[in-house]
Amino acid sequence: MQIIQSGEDILLRDVRNFDITQTLECGQCFHFVKLDTREYAVVAYQRLLHIKQTEQEVIFYHTTEQEYDQIWKSYFDLERDYEKIQQILLARDDRLQDAIGKMAGVRILQQDFFETLISFIISQNKQIPHIKQIVAAISKEYGTYLGEMNGQVFYAFPTVAQLSAVSEEQLRACKVGFRAPYIMDAVAKVAEGAISEQQLQTQSDEVCMQTLQQIKGVGSKVANCVALFGLAKRSAFPVDVWIKRIMETLYFDGNETNVSTIERFAKEHFGKLGGYAQQYLFYYGKTTGIGVKK
DNA sequence: CTCCAGGCAGTGT
DNA sequence: ACACTGCATGGA
């Protein structure tokens, strides 16, 4: 991969296994707006990014090399060898052939821990467009103004300090519904240090899951999403309704299988690469509607 | 109109 | 251990 400074922009050439549309639209993040084909406004780490992918290159508009190095390189996980990850997974399991073949451009984002925690608490029992609306509303009300792009105004997701000052009623005004007390509990635990990213990073996968689930509104699925997307624990394997259907179809002969059984199977079968397998399967299954009853 | 969504907590066996 | 239910809100 080549990194080129071109005027005020950063250009990447010869980037393999990266597709901006697949990476953003696969359901792992909620804070972005599509501007055009393969062109997006992305909000992360208190910054607003204008990014576009063409045949030959990825363009980070108005971005310094320092900002690329410090923020976006790791956010988009561009340093990692996904060729190798895909090869290992395929050698282990040819049932992943279609999913990896079609979704080879998905990269697992390294998102901010706190934003990921709150976002996936919101995600329960909601569709992705709704989650995006709520994240945008909370950011607009309580986050820092970042600027405008194509006539749209963008705000950062609020920091722990900013959300700490928000009441349950104010959250409800952002349409979070019954999740309001869950968010209050999560913010309180992070603010007072009962839950900290550092602590979670040092814990084993099992203990990390248990710690996260001390938060009201955080169960196995949300904890796995936070671990995978917000703590870079790539062994995490979130099992939601989609993955449940897909796994039952591909690995359990179409039989009804409970979530904990699927979790155990994934841990044993995919090991450290569970998170990658999960994303390929999730996005592929959702796109093709695999196992969905009509 | 009814049904359901990247689930979870609470309650009942 | 497991099954069942209510939950805010908005879109199909």
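Residue numbering restarts at 1 for every chain, and letters A, B, ... go by the order of the sequence lines. Fair warning: this is a prediction, and the values are worked out from it, not measured in the lab.
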Just how far, in rounded Å, is [atom2] of [N] from [atom1] of [X]?
X	N	atom1	atom2	value
A:Ile108	B:dG6	CD1	P	19 Å
A:Gln213	B:dG10	CD	P	14 Å
A:Phe30	B:dA5	CZ	P	16 Å
A:Glu168	C:dC7	CD	P	15 Å
A:Lys132	B:dG6	NZ	P	13 Å
A:Phe282	B:dA5	CZ	C1'	12 Å
A:Asn258	C:dC2	CG	P	6 Å
A:Lys221	B:dA9	NZ	P	13 Å

Judged by atom type as modelled, is there a donor-acceptor pair below 3.5 Å linking the side chain of [X] to the main-chain atoms of [Y]?
X	Y	answer
A:Glu197	A:Phe113	no
A:Thr116	A:Val226	no
A:Arg47	A:Ala156	no
A:Glu83	A:Asn17	no

Mind checking if [X] touches a base, just sugar-phosphate, or nothing, with heavy atoms under 4.0 Å?
X	result
A:Val218	sugar-phosphate
A:Gly219	sugar-phosphate
A:Cys26	base

Within 6.0 angstrom of A:Lys267 NZ, more than 12 heavy atoms from elsewhere:
no
Hey, what are the protein-to-nucleotides 8-12 of chain C N/O distances that come in under 3.5 Å?
{"from": "C:dA8", "atom 1": "O4'", "to": "A:Phe178", "atom 2": "N", "distance (Å)": "3.2"}
{"from": "C:dA8", "atom 1": "N6", "to": "A:Asn125", "atom 2": "ND2", "distance (Å)": "3.1"}
{"from": "C:dA8", "atom 1": "N1", "to": "A:Asn125", "atom 2": "ND2", "distance (Å)": "3.4"}
{"from": "C:dT9", "atom 1": "O2", "to": "A:Lys126", "atom 2": "NZ", "distance (Å)": "2.9"}

N/O-N/O pairs, protein side and nucleotides 11-13 of chain B side, under 3.5 Å:
none

Ring centres under 6.0 angstrom apart (A:Tyr142, A:Tyr155):
no
Looking only at the side chain of A:Lys216 (C-beta and beyond, no hydrogens), which of the listed nucleotides B:dG10, B:dG7, B:dG6 gets closest?
B:dG10
Mutual orientation of the aromatic rings belonging to A:Phe237 and A:Phe270 [parallel < 30°, tilted 30-60°, perpendicular > 60°]:
parallel
With under 30° as parallel and over 60° as perpendicular, where do the rings of A:Phe120 and A:Phe229 fit, or are they tilted in between?
parallel
Atom P, compared across B:dG10 and C:dA8: separation rounded to whole Å:
13 Å
C:dC4 to B:dG6 separation - P atoms, rounded to the nearest Å
23 Å
Sub-4.5 Å side-chain heavy-atom contact between A:Ile10 and A:Leu12
yes
Once side chain to side chain contact (heavy atoms under 4.5 Å, CB included) is applied, do any residues pair with A:Gln53, and if so which ones, sequence neighbours excluded?
A:Phe18, A:Asp19, A:Ile20, A:Arg38, A:Val58
With DNA chain B as reference, determine whether A:Ile131 or A:Ile215 sits nearer its 5' end, using the nearest nucleotide of each.
A:Ile131
Quick test of the criterion, 5.5 Å between centres and less than 30° between planes. Is A:Trp242 stacked on B:dG6 or not?
no
